[in-house]
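These values consider heavy atoms only, across backbone and side chains, with no hydrogens, waters or symmetry-generated copies. As the structure lists them, so they are numbered: ligands from 1, and atoms in each ligand from 1.
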Amino acid sequence: MSNLLILGGTTEANALAKAVAEQGLNAIYSYAGRVGNPRPQPLPTRVGGFGGVEGLARYIRDHGVTHVIDATHPFAAQMSGNAAHACSQTGTPFAALTRPDWVEGDADDWTRVAGIESAVEALNGPAQRVFLAVGRMHLEEFAAQPQHHYLLRLVDQPDGVPMPNAAVEVSRGPFTVAGDIELMRRHGTELIVSKNAGGSGARAKLDAARQLGLPVLMIDRPTVPERTEMATTAQVLDWLAHTGF
Ligand SMILES: NC(=O)c1ccc[n+]([C@@H]2O[C@H](COP(=O)([O-])OP(=O)(O)OC[C@H]3O[C@@H](n4cnc5c(N)ncnc54)[C@H](OP(=O)(O)O)[C@@H]3O)[C@@H](O)[C@H]2O)c1
């Protein structure tokens with residue numbers, strides 16, 4: 001029997017899970033287990049790493065997985081690389097559900113940097129009030145620039161943060177432009193640091209930055225191995241139908 005593994009943790013993965021469940025397709029949804037209390041899915045769900053490429057290849061064999069969709073976040077490059085390699089090793093049809101990059105408009109003021117390390121370097125300078133919208137995983141790196149006041153928006157309340165001068169806003173989104181304008185005004189934000197995640201869920205802060213005339217330090221996406229990419233749930237359902245699901 002066909003069995004789809006969805007590598008999830010994104011709005012797009014959740015929409016795909018809903019469509020797959022509605023069609024009655026056999027599928028499993030996989031979370032990394034980074035956030036407490038992840039959203040329930042209308043599919044059987046597993047939580048936690050697989051154990052690298054070998055672990056995922058074993059999982060695919062042991063659970064009779066016949067198709068894999070990588071619907072992880074564009075910055076989850078380790079998982080995306082592992083999935084590409086494990087599927088190639090096991091001969092499993094594999095594709096990614098992705099979202100286009102955000103593109104700078106005329107009214108935007110972006111500085112693009114190649115990765116987290118370059119973003120940290122770019123913050124070397126006088127103290128500013130920085131909205132650091134990069135999630136929880138890379139806070140340690142930014143603690144190397146402790147002169148700034150950081151506004152951190154996180155999904156879960158952290159036990160502590162590594163920078164001396166920070167305010168934490170706990171929220172899961174979706175966010176609105178009006179809400180983000182209010183947030184940035186309240187915190188006196190002077191600079192936004194953002195990953196180029198794409199999609200609509202986290203876009204509001206960029207539109208808010210544009211309206212407030214604030215600069216954005218935009219972190220480019222990491223590279224991932226060549227793969228079949230699709231932009232919509234409908235395309236994934238089509239791809240499944242065409243790959244013998
Ligand atoms: N990075 C972001 O900015 C971001 C933002 C929003 C949501 N997310 C979601 O958060 C999760 C982790 O992201 P990340 O950037 O930490 O990933 P990552 O650095 O690429 O992955 C590190 C390890 O976490 C495990 N892992 C990641 N995603 C998994 C999944 N969906 N199911 C099972 N194991 C997974 C894998 O462990 P093993 O090697 O042991 O298999 C992987 O090697 C992903 O599901 C992603 O979609 C990430």
Side-chain angles (χ1 to χ4, degrees), residues 4-17 20 27-41 43-63 65 67-87 89-90 92 94-99 101-102 113 115-117 119 131-142 152-156 158 170-175 192-206 217-225 227 229 236:
L4 171 66
L5 173 63
I6 299 173
L7 303 171
T10 57
T11 313
E12 290 73 16
N14 301 348
L16 176 62
V20 162
I28 307 160
Y29 188 104
S30 177
Y31 276 120
R34 293 276 190 280
V35 303
N37 216 354
R39 260 176 230 279
Q41 297 296 333
L43 294 173
T45 301
R46 64 163 302 285
V47 181
F50 297 96
V53 176
E54 292 312 319
L56 179 55
R58 200 175 321 115
Y59 183 92
I60 287 171
R61 287 192 208 98
D62 291 353
H63 291 79
V65 171
H67 294 69
V68 176
I69 290 290
D70 176 8
T72 58
H73 190 272
F75 279 74
Q78 179 74 49
M79 186 70 255
S80 293
N82 290 356
H85 292 118
C87 288
Q89 257 183 36
T90 54
T92 310
F94 169 65
L97 174 58
T98 61
R99 47 211 198 188
D101 289 63
W102 289 318
V113 288
I116 298 284
E117 208 178 307
F131 180 10
L132 185 60
V134 299
R136 181 173 57 95
M137 300 303 291
H138 296 285
L139 297 185
E140 291 285 348
E141 281 123 297
F142 286 94
L152 310 172
R153 181 156 63 191
L154 303 171
V155 173
D156 293 311
V170 176
S171 177
R172 221 167 245 237
F175 308 107
I192 294 97
V193 181
S194 171
K195 293 173 173 171
N196 196 333
S200 57
R203 159 96 227 170
K205 59 179 175 282
L206 303 178
L217 189 60
M218 182 61 78
I219 305 169
D220 284 344
R221 294 177 177 192
T223 47
V224 291
R227 59 201 185 164
E229 292 195 350
V236 174

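Close N/O approach between F50 and ligand 1 is found [any backbone or side-chain N/O within under 3.5 Å]. Between V134 and ligand 1, no pair of N/O atoms sits closer than 3.5 Å. Below 3.5 Å of separation, one finds an N or O of G52 facing an N or O of ligand 1. Checking only distances, S30 does come within under 3.5 Å of ligand 1, N or O to N or O. Considering backbone and side-chain N/O atoms, K195 comes within less than 3.5 Å of an N/O atom of ligand 1. Note: no N/O pair closer than 3.5 Å links M137 and ligand 1 by distance alone. Of the N or O atoms in R46, none lie within a sub-3.5 Å distance of an N or O in ligand 1.
Taking F131 as the reference, nothing meets the ring pair (Phe, Tyr, Trp, His ring centres under 6.0 Å) condition, with sequence neighbours excluded. Listed by chain and number, the residues in a ring pair (Phe, Tyr, Trp, His ring centres under 6.0 Å) with F75 are H73 (sequence neighbours excluded).
Side-chain contact between I192 and M218 is absent, with no heavy-atom pair separated by less than 4.5 Å. Between P74 and N196 the shortest side-chain heavy-atom distance does not fall below 4.5 Å. In this structure, the side chains of F50 and M79 come closer than 4.5 Å at one or more pairs of heavy atoms. When side chains are defined from C-beta on, Y29 counts as touching N14, because their heavy atoms get closer than 4.5 Å. Inter-residue side-chain proximity for L5 and L56 is flagged as met; some heavy-atom pair is nearer than 4.5 Å.
Taking atom 12 (C) of ligand 1 as the reference point, the nearest protein heavy-atom neighbour is A32 CB, 3.7 Å. Protein heavy atom closest to atom 17 (O) of ligand 1, with residue, atom name and distance, is A76 CB, 3.4 Å. For atom 48 (C) of ligand 1, the closest heavy atom belonging to the protein is H73 CB, 3.4 Å. Closest to atom 40 (O) of ligand 1, if we only count protein heavy atoms, is G51 N, 2.8 Å. Looking only at protein heavy atoms, the nearest one to atom 19 (O) of ligand 1 is Q78 CB, 3.8 Å. For atom 16 (O) of ligand 1, the closest non-hydrogen atom of the protein is R34 NH2, 2.9 Å. Nearest protein heavy-atom neighbour of atom 36 (C) of ligand 1: M79 SD, 3.7 Å.
Within the 4.0 Å heavy-atom cutoff, G48 counts among the residues contacting ligand 1. Under the 4.0 angstrom criterion for non-hydrogen atoms, G8 is in contact with ligand 1.
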Is there a side chain to side chain contact (heavy atoms under 4.5 Å, CB included) between S80 and R227? Walk through the geometry before answering. CA-CA 10 Å; S80 293; R227 59 201 185 164; 3.6 Å; yes
Evaluate the criterion side chain to side chain contact (heavy atoms under 4.5 Å, CB included) for residue pair R136 and R34; output intermediate values, then yes/no. CA-CA 9 Å; R136 181 173 57 95; R34 293 276 190 280; 4.0 Å; yes
Give the intermediate values and the outcome of side chain to side chain contact (heavy atoms under 4.5 Å, CB included) for residues F175 and K205. CA-CA 8 Å; F175 308 107; K205 59 179 175 282; over 6 Å; no
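Only the backbone of A77 comes within 4.0 Å of ligand 1, counting heavy atoms alone; no side-chain atom from C-beta on gets that close. Counting heavy atoms closer than 4.0 Å to ligand 1, residue N82 contributes side-chain atoms (C-beta onward) but none from N, CA, C or O.
Contact atoms of ligand 1 toward T72: 31 (N), 47 (O) (distance under 4.0 Å to a heavy atom of the residue). Each of the atoms 7 (C), 8 (N), 9 (C), 45 (O), 47 (O) of ligand 1 lies under 4.0 Å from some heavy atom of G9. Within ligand 1, the atoms closer than 4.0 Å to a non-hydrogen atom of G49 are 34 (N), 37 (O), 38 (P), 40 (O), 41 (O), numbered from 1 in the order shown. Here is the list of ligand 1 atoms found below 4.0 Å of a heavy atom in T10: 47 (O).
Across all their heavy atoms, L217 and A119 have their closest contact at CD2-O, 3.6 Å.
Counting only distance, with no hydrogens or angles, the side chain of S194 and the backbone of A133 share no donor-acceptor pair below 3.5 Å.
If you run side-chain contact (heavy atoms from CB on, under 4.5 Å) between L7 and each of V68, I28, L97, only V68 comes through.
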